[in-house]
Amino acid sequence: MIDKKKKNKINFGINDFFTFFEGLDLSINFSILVFLASYFLPFLDIRFSILTISSLILLSFTSRFLGIKFSNFVQNTKIANLNIFLFFIFAYILPISVQSYFPIMLSISIFIVSRIIIGIMFSLCYNNLLINNQNFSSNIFSIKYWLFYSLGLFLGAIMFVFINEIFSNDYLNTGGWKVMYILMFTILFLTYLFSNFVLKTNIQFNHKFNIEEKLNSISLSFNSLIILIPLIFFLIVVSSNWLPKFANPENLYFLSYDLVYLFITILVFIFIAPLAKLIGKRNSIIFFNLSIVIISLITSLIDHSSSYSIDFLKFFISLISSFSICCFILQLESKRMFGGNVISILNASLFLISILLPALFYYFIFYTINYSIVYIVFALIYFINYICFFYIKNG
């Protein structure tokens, strides 16, 4: 179990920047997804290229289960002594090195290898690294975890706005998107120099890593469903610069998100997380689950043809995302789920997102959203979450 004094103490370290880089990585890739699709798959219809490239980007989610195997494979080699930042830097150099005259399959393969490496490295960052021979992990129970994650999302979105204003779409389509990767590479390289030569922190693999990643309960698998809501919401927000243009015209208004919605989610979470713990984990979990089920069922009966109702739904999703993060944390803490179990739950959730998000993009592009169904889905997720948490034993 985590030491309460250490858990409650607010401090910042180099490990917090990995969470920031994760948000930045996703924001950059999903912001330039259309340009990646045009560059790597020019022979396909742009809509199918978008779906394919989104799946490839999300390989950084599916490859996280390979973290332990990779660590065990390299633990007795010289690779294990390398600084973790060098792997991230190499992973970003790979797509930058791709040239227009490369065979298409070679270019795509390089991009796939890059995404797999990034996924494995982020997996290891959360449970399997050493800083100066001391073990650490990024704590998803902490407010600062989600704060740094959102800061990465914000920065990536802002970077894209500037790049999109400076360069033309033709330039970005023909390889100009690499500017975003070069910026990410520069940030990683400067952080590496700062941590290695200023802070004197050598970040490497943990040779004594022995945590098993496994879900020890069916109920925990269902309890993790609520974290899908904010994580998918974040990715849709950072995709909103291009997604409405290629989606069904009926979905355009709903898919047009400003960063203010992301800001609302994080701001509400920062305020309600301490309050929820003060009220009590059990009472807060009951409140979050039942209130969202009731409100979602009631609002599913309302007519959603007006722009005001769609604005309310977008605002509601931003609020429910903050509640979902808070409820997710409270549930894991109340069941005393720490270490490898938390990482396995998070990785399982990310794996589901890698399947669901391309499917959602497909739905947004070819079909019209039924807003009542959206509310019903929220109600169903939270009802299942409530039943599993209170009536299915953890075992």
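These figures come from a predicted structure and were not determined experimentally.
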Distance check, rounded to the nearest 0.5 Å: [X] atom [atom1] versus [Y] atom [atom2]?
X	Y	atom1	atom2	value
Phe48	Thr52	CZ	OG1	9.0 Å
Ile28	Leu183	CD1	CG	7.0 Å
Leu58	Leu235	CG	CG	7.0 Å
Leu356	Phe361	CG	CZ	11.5 Å
Ile369	Leu252	CD1	CG	10.5 Å
Phe30	Leu153	CZ	CG	11.0 Å

>> Does Phe246 form a ring pair (Phe, Tyr, Trp, His ring centres under 6.0 Å) with Phe364? I'd like the steps, not just the answer.
In response: CA-CA 9 Å; Phe246 296 93; Phe364 294 152; over 10 Å; no
Side-chain donor or acceptor of [X] paired with backbone N/O of [Y] under 3.5 Å:
X	Y	value
Ser114	Ile110	no
Asn251	Tyr367	yes
Lys281	Leu330	no
Ser296	Ile292	yes
Ser300	Leu297	yes
Ser31	Ser27	yes
Ser284	Ala276	yes

>> Do Lys314 and Tyr253 form a cation-pi contact, if we require the NZ or CZ to be under 6.0 Å from the six-membered ring centre and within 45 degrees of the ring's axis?
In response: yes
Please check if [X] and [Y] belong to a single hydrophobic cluster, counting links between Ile, Leu, Val, Met, Phe, Trp and Tyr side chain heavy atoms closer than 4.5 Å.
X	Y	value
Phe111	Ile46	yes
Ile93	Ile84	yes
Ile376	Leu290	yes
Val377	Ile317	yes
Phe102	Phe35	yes

Do [X] and [Y] have side chains that approach each other closer than 4.5 Å (heavy atoms only, starting at C-beta)?
X	Y	answer
Tyr386	Val293	no
Ile50	Val34	yes
Phe351	Phe65	yes
Ser54	Leu33	yes
Ile182	Tyr92	no
Leu255	Ser240	no
His304	Tyr375	yes
Ile118	Arg64	no

> Does a salt bridge link Arg282 with Glu333, judged by any charged N lying under 4.0 Å from a carboxylate O?
Replying inline: no
> Do Asp25 and Arg115 sit within salt-bridge range, that is, some charged N less than 4.0 Å from a carboxylate O?
Replying inline: yes
Please work out whether the ring planes of [X] and [Y] are parallel, tilted or perpendicular, with thresholds of 30° and 60°.
X	Y	value
Phe197	Tyr192	perpendicular
Phe269	Trp146	perpendicular
Phe154	Phe263	perpendicular

>> Using the rule ring pair (Phe, Tyr, Trp, His ring centres under 6.0 Å), only one of Phe88, Phe20, Phe18, Phe87 pairs with Phe122; which is it?
In response: Phe88
>> Walk me through whether Phe43 and Ser49 qualify under side-chain contact (heavy atoms from CB on, under 4.5 Å).
In response: CA-CA 9 Å; Phe43 55 91; Ser49 298; over 6 Å; no
> Which residues satisfy the ring pair (Phe, Tyr, Trp, His ring centres under 6.0 Å) test with Phe323, sequence neighbours excluded?
Replying inline: Phe288
> Mind checking what makes ring pair (Phe, Tyr, Trp, His ring centres under 6.0 Å) contact with Phe70, not counting sequence neighbours?
Replying inline: Phe205
> Within a radius of less than 6.0 Å around CZ of Phe167, do more than 12 heavy atoms belonging to other residues, nucleotides or ligands occur?
Replying inline: yes
>> Could you check whether atom CZ of Phe271 has more than 12 heavy atoms from other residues, nucleotides or ligands sitting under 6.0 Å from it?
In response: no
> Closest heavy-atom contact between Thr265 and Ser318?
Replying inline: OG1-O, 2.8 Å
> Can you name the nearest heavy-atom pair linking Cys326 to Ala273, along with the distance?
Replying inline: SG-CA, 3.8 Å
With no hydrogens and no angle check, just 3.5 Å: does a side-chain donor-acceptor pair link [X] and [Y]?
X	Y	result
Tyr382	Ser291	no
Tyr257	Asn241	no
Asn248	Tyr363	no

>> Before you tell me yes or no, could you show the steps for Phe148 and Phe21 under side-chain contact (heavy atoms from CB on, under 4.5 Å), namely the whole-Å CA-CA distance, both residues' side-chain angles and the distance that decides it to 0.1 Å?
In response: CA-CA 8 Å; Phe148 272 83; Phe21 289 135; over 6 Å; no
>> Assess the residue pair Asp170 and Ser168 against the criterion (side-chain hydrogen bond (donor to acceptor under 3.5 Å, both in side chains)); give the C-alpha distance rounded to whole Å, side-chain angles, the decisive distance to 0.1 Å, and a yes or no.
In response: CA-CA 5 Å; Asp170 288 338; Ser168 66; 5.2 Å; no
>> Could you check whether Phe189 and Phe85 have their ring centres less than 6.0 Å apart?
In response: no
> Quick check, are the ring centers of Tyr261 and Phe233 under 6.0 angstrom apart?
Replying inline: no
>> Please evaluate residues Leu228 and Ile353 with respect to the criterion side-chain contact (heavy atoms from CB on, under 4.5 Å), reporting the C-alpha separation (whole Å), side-chain torsions for both, the decisive distance (0.1 Å), and the verdict.
In response: CA-CA 7 Å; Leu228 299 179; Ile353 291 174; 3.6 Å; yes
> Passes ring pair (Phe, Tyr, Trp, His ring centres under 6.0 Å), Trp177 versus Phe160? Steps please.
Replying inline: CA-CA 9 Å; Trp177 54 266; Phe160 174 77; over 10 Å; no
> Out of Ile266, Thr19, Leu259, which residue meets the side-chain contact (heavy atoms from CB on, under 4.5 Å) rule with Ser150?
Replying inline: Ile266
> Passes side-chain hydrogen bond (donor to acceptor under 3.5 Å, both in side chains), Tyr181 versus Asn29? Steps please.
Replying inline: CA-CA 9 Å; Tyr181 270 65; Asn29 280 280; 2.4 Å; yes
> Can you list the other members of the hydrophobic cluster that holds Tyr308, where links are side-chain heavy atoms under 4.5 angstrom apart?
Replying inline: none
>> Working note: Ser309 + Thr299, criterion side-chain contact (heavy atoms from CB on, under 4.5 Å); need CA distance, chi angles, decisive distance, verdict.
In response: CA-CA 10 Å; Ser309 64; Thr299 49; over 6 Å; no
